[in-house]
Amino acid sequence: MRSLISILDFSVEELDSLISTAKDIIAHPDAYWDRCAHKKLATLFFEPSTRTRLSFEAAMLELGGSVIGFSQASSSSASKGESMADTAKILSCYADIMAIRHPREGAPYVAAKAASIPVINAGDGGHNHPTQTLADLLTISREMGRLQDLTIGLCGDLKYGRTVHSLIEAMSRYTGIRFVLISPEELELPGYITENVLDKENIPYQVCRSLEEALPQLDVLYMTRIQQERFDDLETYERLKNSYVLNVEKMKLAKQNMCVLHPLPRVNEISVLVDDDPRAAYFRQALNGKYMRMALILKLLEEAKNPVKAAETKDNWVYDRICTNPKCICKIEQELPQAAKLTEQGVYRCVYCEQEV
Ligand code: CP
């Protein structure tokens with residue numbers, strides 16, 4: 001059964017095809033109004049969301065389908081201790097496709113292994129957020145007219161920013177991409193992105209502490225929120241929370257055709273006065289998310305008609321290394337084996353959360 005857990009689950013050709021479908025939906029919405037008639041989407045949101053959950057629901061409704069689900073863990077039987085795998089098996093009885101957001105890294109992967117319907121990762125802890133990346137790709141394509149030959153600045157919380165991780169994985173597969181990584185030292189990218197993606201693929205990148213210094217060279221600026229909910233100690237969050245604020249003055253340093261993206265929600269890292277700048281694309285980006293989720297639902301439901309059982313290679317898996325990430329799904333899921341895989345860089349990483357073990 002085809003699911004979307006990591007953006008790497010889809011080839012570049014498939015990403016380009018989703019973008020084409022989304023553009024066709026924008027141009028011809030009437031052609032899609034009943035494409036998911038009699039189909040149900042389940043939205044399982046164990047963590048708060050405005051855009052992802054409601055754009056998924058709007059997407060399914062605009063395709064003529066229906067929606068069931070919950071928006072907080074406390075209203076599901078997870079609050080009574082039900083496992084992710086059991087929840088996924090149950091929802092497979094009630095829906096045709098499900099989207100899961102969970103604070104535990106690797107939870108959608110565990111769900112996909114147990115489910116008999118397609119599973120979509122709608123954000124797992126500080127790990128991945130592939131459908132935000134779909135929104136980002138369509139936005140860059142529409143704003144810049146291309147997905148190649150771009151210098152992309154990523155600013156803010158690059159450590160816990162799951163949207164940043166998925167976006168780097170996606171954009172690294174297009175030609176001529178260069179990244180400028182703008183963050184405090186404490187919030188630099190995790191190793192599974194620098195080693196497994198940037199270093200492995202020889203993608204050029206520059207580490208930078210100053211937004212002002214980075215701005216003049218950028219084609220795309222991707223701002224992110226410093227995420228209070230991911231910090232173990234409030235003191236560090238308080239010290240870092242105002243590290244970068246994009247305002248009208250700083251926008252004067254940027255190219256005239258640069259576009260500003262932000263997955264949202266923002267706190268104060270983009271002044272509201274920037275919203276009037278035509279280069280501010282973040283509200284258009286949120287709308288693009290709905291179109292890409294429509295395209296994604298169509299693709300996964302189509303493929304579910306003729307499911308192919310993908311064999312997972314486990315030759316490089318070991319079971320004697322313990323994951324130490326307290327936010328990994330393996331810390332709470334009943335009888336989930338501790339499993340790690342050896343990467344091409346010679347590092348063992350947890351199969352659920354990808355942290356080094
Ligand atoms: N961008 C994003 O994931 O927003 P929500 O948390 O509101 O879904």
Side-chain angles (χ1 to χ4, degrees), residues 4-7 18 22 41-62 67 69-76 97-105 107-108 119-140 142-143 152 154-171 220-231 237 241 246 259-270 272 274-275 280-297 327:
L4 176 62
I5 305 304
S6 156
I7 200 70
L18 284 172
L41 164 74
T43 51
L44 286 60
F45 276 62
F46 298 87
E47 217 185 33
S49 166
T50 296
R51 273 147 297 274
T52 311
R53 184 172 68 84
L54 295 176
S55 68
F56 258 119
E57 296 190 358
M60 192 51 159
L61 295 174
E62 289 186 30
V67 177
F70 51 83
S71 58
Q72 46 193 359
S74 60
S75 62
S76 80
I97 186 167
M98 67 177 108
I100 301 177
R101 170 167 291 188
H102 205 288
R104 291 276 170 179
E105 295 164 13
V119 174
I120 299 168
N121 180 358
D124 60 327
H127 186 209
N128 284 329
H129 194 347
T131 68
Q132 178 62 48
T133 301
L134 298 182
D136 303 341
L137 294 180
L138 179 59
T139 306
I140 295 170
R142 294 183 81 191
E143 299 288 326
I152 302 175
L154 300 148
C155 179
D157 182 354
L158 309 189
K159 180 179 182 184
Y160 300 114
R162 57 194 176 194
T163 62
V164 168
H165 307 159
S166 295
L167 183 60
I168 290 176
E169 288 179 328
M171 291 305 302
V220 176
L221 171 61
Y222 196 91
M223 293 295 294
T224 62
R225 177 174 64 96
I226 309 285
Q227 302 177 74
Q228 183 176 358
E229 65 273 28
R230 309 280 175 229
F231 282 80
Y237 168 73
K241 69 178 182 185
L246 183 65
C259 69
V260 183
L261 273 62
H262 190 310
L264 304 178
R266 71 174 151 192
V267 181
N268 63 348
E269 60 278 1
I270 301 181
V272 291
V274 175
D275 297 359
Y282 29 91
F283 292 113
R284 297 191 288 278
Q285 182 184 1
L287 177 60
N288 286 332
K290 182 186 71 172
Y291 297 124
M292 283 302 265
R293 290 179 176 109
M294 290 172 82
L296 175 65
I297 290 169
K327 294 169 184 153

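Values reported hereafter were calculated over all heavy atoms of this structure, with side chains retained and with hydrogens, waters and symmetry mates removed. Every number for a ligand or one of its atoms is a count from 1 in the order of the listing. For clarity, every value in this text was computed on a predicted model and none was experimentally measured.
Side-chain atoms of Q227 come within 3.5 Å of backbone N or O of Y160 as a donor-acceptor pair.
Side-chain atoms of N128 and S6 form no donor-acceptor pair, as typed in the model, at a separation below 3.5 Å.
Distances below 4.0 Å separate heavy atoms of Q132 from the following atoms of ligand 1: 1 (N), 2 (C). Near T50, meaning under 4.0 Å from one of its heavy atoms, ligand 1 places the atoms 5 (P), 7 (O), 8 (O). Within the listing of ligand 1, atoms 1 (N), 2 (C), 4 (O) sit less than 4.0 angstrom from a heavy atom of L264.
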Mind running salt bridge (charged side-chain N to carboxylate O under 4.0 Å, His left out) on R162 and E47 for me, showing each step along the way? CA-CA 14 Å; R162 57 194 176 194; E47 217 185 33; 3.2 Å; yes
Please determine whether side chain to side chain donor-acceptor pair (under 3.5 Å) holds for the pair R53 and T43, giving the CA-CA distance in whole Å, both sets of side-chain angles, and the decisive distance to 0.1 Å. CA-CA 7 Å; R53 184 172 68 84; T43 51; 5.2 Å; no
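Note that R101 lies outside the cation-pi zone of F45, set by a 6.0 Å cut-off to the ring centre and a 45° limit from the axis.
One option in H129, H262, R225, R53 has a heavy atom closer to atom 3 (O) of ligand 1 than any other, and that option is H129.
Look at R101 and you'll find a heavy atom under 4.0 Å from some atom of ligand 1.
Looking only at protein heavy atoms, the nearest one to atom 4 (O) of ligand 1 is R51 NE, 3.0 Å.
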